S.K.: 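This is the structure I want to talk about, given as structure tokens.
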Amino acid sequence: MALNKGEWSEVYTFLKLLADGKLYAADANLNKIEDIYYPIIKILKDEPNGNLEYYIGDSINVCKENGEELMKLPIEEFKKQSLNLLNKINENKSKKGAFELPDIINFLQSIKITKLKAKSKEKRDITIMVHDINTGMKPILGFSIKSYLGNSSTIINASGKTNFVFSIENTVNLTEKEINRINSLVNARGKADIKKRVKELNKIGCVLKYNNMDDNNFKQNLIMIDSLFPNIIGEVLKIYYSGEATTLNEILNIVSSKNPCHYDKTAEHPFYEYKIKNYITDAALGMTPGTKWTGKYDANGGYIIVKEDGELVCYHIYNRNEFQDYLINNTKLDTPSSSRNGFGSIYQENGNLYFKLNLQIRFK
């Protein structure tokens with residue numbers, strides 16, 4: 001089976017956690033915190049022929065869900081296999097797309113693993129039972145895995161559901177000729193240049209005003225954060241596509257300075273920082289545009305990060321502040337395909353002019 005670098009990183013995380021037996025927390029800058037870690041009791045795998053559990057003790061015991069032991073392997077074997085896989089991923093770092101690693105697949109099959117990919121609609125990539133030193137409990141937690149071994153991954157994937165609709169105000173200079181000119185602006189590769197189109201609208205005095213969203217479910221999800229949150233993300237998109245900033249941290253500072261919701265800031269409450277941090281956390285751990293958001297995290301454990309050197313660190317619910325700072329400091333907006341997602345051109349509806357912008361957020 002061929003997997004891409006991100007998918008191989010998920011396999012690496014599984015092998016590496018069984019080899020290490022513990023998962024360290026990280027600070028906001030991805031540095032391992034030596035005195036905060038979570039001993040791993042077992043890793044649970046959902047397999048077509050029945051769920052499996054990989055217990056960590058003096059060895060790795062592979063058991064069925066009912067406790068029946070299938071095999072026992074030395075921990076050293078998982079150390080060897082995880083290091084081997086890390087080296088193979090690095091050897092294929094320049095490759096685009098998926099590639100096969102037959103020796104790794106053979107080892108996985110020997111320990112009863114045939115299902116290598118998590119369901120695409122789920123945020124969790126791995127399920128772990130840990131010993132919570134703080135409470136003495138042994139919770140089963142789902143973690144999302146993000147890897148620096150491959151291409152940067154997304155937090156909010158672009159689709160037609162992530163389109164925001166803006167009415168175009170002050171259209172006195174927006175003649176039919178100008179509309180055709182702006183809609184025809186492309187980049188050097190012949191693709192629609194959305195930023196250039198927005199800049200041209202700004203240049204002739206037009207104003208983009210948030211009007212609505214293409215997908216009502218996504219809109220209601222955002223309203224769960226705050227009744228005005230769709231407007232706030234609309235402002236975020238205008239800042240990005242106007243070329244003012246790209247990283248979420250920079251954009252957040254500009255939004256706070258502009259204060260589009262006219263909050264009372266006499267006491268310097270961090271209104272926008274609080275709301276945007278909560279949204280990016282919800283999006284990272286559970287919220288998706290196409291599914292009704294109930295506030296329950298699928299990745300209820302948090303994030304596991306595969307660093308460039310292969311070290312694993314995590315952001316758990318106990319270090320939520322560090323996790324939020326990490327997300328804000330390490331993400332950016334991106335421009336997806338406008339033709340695929342249906343945005344980026346001036347259009348008319350019921351005598352009014354509109355323009356759509358699309359939300360996509362990925363790691364830097």
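What you see is a predicted model, and the numbers here were worked out from it, not measured in a lab. Worth knowing before you read on, the calculation uses all heavy atoms, side chains too, and leaves out hydrogens, waters and symmetry mates.
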S.K.: Please give me the minimum heavy-atom distance between Glu47 and Leu52, naming the atom from each residue.
M.R.: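 Minimum heavy-atom contact is CG-CD1, 4.0 Å.
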S.K.: Both conditions, 6.0 Å and 45 degrees, for the charged tip of Lys45 above the ring of Phe14: are they met here?
M.R.: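 Cation-pi check for Lys45 and Phe14: passes.
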S.K.: Please step through side chain to side chain donor-acceptor pair (under 3.5 Å) for the pair Lys307 and Tyr148, ending with a clear verdict.
M.R.: CA-CA 5 Å; Lys307 297 171 67 173; Tyr148 283 85; over 6 Å; no
S.K.: Stepwise, does the side chain to side chain donor-acceptor pair (under 3.5 Å) test hold for Asn329 with Asp325?
M.R.: CA-CA 6 Å; Asn329 293 328; Asp325 288 341; 5.4 Å; no
S.K.: Taking all non-hydrogen atoms of both residues into account, name the closest pair between Ser256 and Lys265 and its distance.
M.R.: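 That would be O-NZ, 2.7 Å.
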S.K.: When rounded to the nearest 0.5 angstrom, what is the spacing between CG in Asn319 and CD in Gln324?
M.R.: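 Reported to 0.5 Å precision, the distance equals 10.5 Å.
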S.K.: Kindly say whether the aromatic ring centers of Tyr263 and His269 come within a distance under 6.0 Å.
M.R.: no
S.K.: To the nearest 0.5 angstrom, please state how far the CG atom of Asn66 sits from the CG atom of Asn51.
M.R.: 11.0 Å
S.K.: So, does Asp214 use its side chain to make a donor-acceptor pair with the main chain of Asn163 at under 3.5 Å?
M.R.: no
S.K.: Should the pair Phe218 and Tyr279 be assigned to parallel (<30°), tilted (30 to 60°) or perpendicular (>60°) ring geometry?
M.R.: tilted
S.K.: Apart from Tyr347 itself, what residues make up its hydrophobic cluster, given side-chain heavy atom links below 4.5 Å?
M.R.: Val165, Tyr354
S.K.: Ignoring hydrogens and geometry beyond distance, is a side-chain donor-acceptor pair present between Asn187 and Lys196 at under 3.5 Å?
M.R.: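 There is no such pair (donor and acceptor under 3.5 Å, judged by atom type) between the side chains of Asn187 and Lys196.
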S.K.: Return the minimal non-hydrogen interatomic distance between Asn183 and Ser345, and the atom names on each side.
M.R.: OD1-CA, 3.4 Å
S.K.: Using 30° and 60° as the class limits, which term best fits the ring planes of Phe363 and Tyr303: parallel, tilted or perpendicular?
M.R.: tilted
S.K.: Looking at every heavy atom in both Ile168 and Cys206, which two are closest together, and how far apart are they?
M.R.: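 For Ile168 and Cys206, the tightest heavy-atom pair comes out as CG2-CB, 3.8 Å.
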S.K.: Is the side chain of Asp282 donor-acceptor paired with the backbone N or O of Met287 at a distance under 3.5 Å, no angle test?
M.R.: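 Judged by distance alone, no pair lies under 3.5 Å.
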S.K.: Which pairs with one or both residues in residues 155-171 pass salt bridge (charged side-chain N to carboxylate O under 4.0 Å, His left out), sequence neighbours excluded?
M.R.: Lys161-Asp215
S.K.: I need the Ile304 CD1 to Ser144 OG distance, nearest 0.5 Å.
M.R.: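 It comes to 9.0 Å.
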S.K.: Show which side-chain atoms of residues 228-246 pair as donor or acceptor with protein atoms under 3.5 Å away, not counting sequence neighbours.
M.R.:
{"residue": "Lys238", "atom": "NZ", "partner": "Leu208", "partner atom": "O", "Å": "2.8"}
{"residue": "Tyr240", "atom": "OH", "partner": "Thr335", "partner atom": "N", "Å": "3.1"}
{"residue": "Tyr240", "atom": "OH", "partner": "Thr335", "partner atom": "OG1", "Å": "2.7"}
{"residue": "Tyr241", "atom": "OH", "partner": "Asn358", "partner atom": "O", "Å": "2.8"}
{"residue": "Ser242", "atom": "OG", "partner": "Asn202", "partner atom": "ND2", "Å": "3.2"}
{"residue": "Ser242", "atom": "OG", "partner": "Lys238", "partner atom": "O", "Å": "2.6"}
{"residue": "Glu244", "atom": "OE1", "partner": "Lys258", "partner atom": "NZ", "Å": "3.4"}
{"residue": "Glu244", "atom": "OE2", "partner": "Lys258", "partner atom": "NZ", "Å": "3.1"}

S.K.: With no hydrogens and no angle check, is any side-chain donor or acceptor of Asn106 less than 3.5 Å from a backbone partner on Pro102?
M.R.: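 Indeed, once roles are kept as given, a pair shorter than 3.5 Å links the two residues.
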S.K.: Quick check, are the ring centers of Phe343 and Phe166 under 6.0 angstrom apart?
M.R.: no
